[in-house]
Undergrad: 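For reference, the structure I am asking about is given below.
Residue numbers count from 1 along this sequence. Hydrogens, waters and symmetry mates are skipped; everything else that's a heavy atom, side chains included, is used.
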Amino acid sequence: GDDLGAEHFALYDQRAPSYRYYGGRGISVCAEWRRSFEQFLRDMGSKPSVKHSIDRIDPSGNYDPANCRWATAKEQASNQRHRHRTHANV
């Protein structure tokens, strides 16, 4: 799940522990939302419940009106970018 406040930090601060998963992959917040929380509210509406947070429909896409929705953790779990671990034979 995405909390835009925390993820905003990870998008732009290279020192953030999760930067490599967001800003390091080129993910950004659209200019309209960066400039205006009111525009974000017009586009997204209010959070439907405490169980909802921002979800990017395309996990590799940006935070923008066409790619974001409110979703529960269960909904978001089925929409994750899968991380593959590799193991080297040592």
Side-chain angles (χ1 to χ4, degrees):
D2 294 324
D3 171 343
L4 191 57
E7 299 313 329
H8 190 272
F9 180 72
L11 289 166
Y12 299 108
D13 187 338
Q14 293 182 13
R15 298 167 298 173
S18 57
Y19 174 81
R20 68 184 178 140
Y21 300 118
Y22 296 95
R25 291 179 36 230
I27 295 170
S28 65
V29 176
C30 71
E32 294 83 7
W33 289 2
R34 283 196 318 264
R35 281 193 299 266
S36 169
F37 181 71
E38 289 77 16
Q39 184 62 50
F40 167 81
L41 280 178
R42 280 192 290 274
D43 292 338
M44 292 293 295
S46 297
K47 189 175 184 178
S49 78
V50 296
K51 294 183 178 186
H52 286 79
S53 61
I54 295 173
D55 182 45
R56 284 173 292 124
I57 297 162
D58 173 0
S60 295
N62 293 325
Y63 288 90
D64 62 48
N67 193 44
C68 290
R69 65 180 179 166
W70 292 112
T72 63
K74 183 177 180 180
E75 292 166 330
Q76 290 181 29
S78 64
N79 189 35
Q80 291 182 353
R81 182 177 77 96
H82 298 285
R83 296 186 186 112
H84 299 282
R85 293 179 184 227
T86 58
H87 300 281
N89 294 330
V90 181

Undergrad: Under the 3.5 angstrom rule, does the side chain of K47 hit a backbone N or O of H52 as a donor-acceptor pair?
TA: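 Judged by distance alone, yes, a pair lies under 3.5 Å.
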
Undergrad: For a 4.5 angstrom cut-off between non-hydrogen side-chain atoms, does S28 reach Y22?
TA: no

Undergrad: Is a side-chain donor or acceptor of R56 paired with a backbone partner of G61 at a separation under 3.5 angstrom?
TA: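 Judged by distance alone, yes, a pair lies under 3.5 Å.
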
Undergrad: Please determine whether the number of non-hydrogen atoms from other residues, nucleotides or ligands lying under 6.0 Å from atom NZ of K51 exceeds 12.
TA: no

Undergrad: Nearest 0.5 Å, what's the CD-CD distance between Q39 and E32?
TA: 6.5 Å

Undergrad: Please report the closest heavy-atom contact between P48 and W70, naming both atoms and the distance.
TA: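 Closest pair (atom of P48, atom of W70, distance): CD-CG, 3.4 Å.
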
Undergrad: Is the backbone N or O of E75 less than 3.5 Å from a side-chain atom of T72, with the two atoms forming a donor-acceptor pair by type?
TA: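 Present.
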
Undergrad: Find the distance between OH (Y19) and CD1 (I27) and round it off to the nearest 0.5 Å.
TA: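 Separation between the atoms: 10.5 Å.
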
Undergrad: If you look at every heavy atom in S53 and Q76, which pair is closest and at what distance?
TA: OG-NE2, 2.8 Å

Undergrad: Can you name the nearest heavy-atom pair linking P59 to R25, along with the distance?
TA: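 So the two residues come closest at O-NH2, 3.3 Å.
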
Undergrad: Starting at SG of C68, measure out to CE of M44 and round the result to the nearest 0.5 Å.
TA: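 Taking SG in C68 and CE in M44, the distance rounds to 5.5 Å.
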
Undergrad: Considering residues at least two apart in sequence or located in another chain, which fulfil the salt bridge (Lys or Arg N to Asp or Glu O under 4.0 Å) criterion with R42?
TA: none

Undergrad: Would R69 and I57 count as a side chain to side chain contact (heavy atoms under 4.5 Å, CB included) if you check the C-alpha gap in whole Å, the side-chain angles of each, and the deciding distance to 0.1 Å?
TA: CA-CA 7 Å; R69 65 180 179 166; I57 297 162; 4.1 Å; yes

Undergrad: Is it true that D43 and W33 share a donor-acceptor pair across their side chains at a distance under 3.5 Å?
TA: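 The criterion, which ignores hydrogens and geometry beyond distance, is satisfied for D43 and W33.
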
Undergrad: Which atom names give the shortest non-hydrogen contact between N67 and N62, and what distance separates them?
TA: ND2-O, 2.9 Å

Undergrad: Minimum heavy-atom separation for A71 to D55, with atom names?
TA: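 Taking A71 first and D55 second, the nearest heavy atoms are CB-CB, 3.7 Å.
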
Undergrad: Side-chain contact, heavy-atom cut-off 4.5 Å: Y63 with I54?
TA: yes

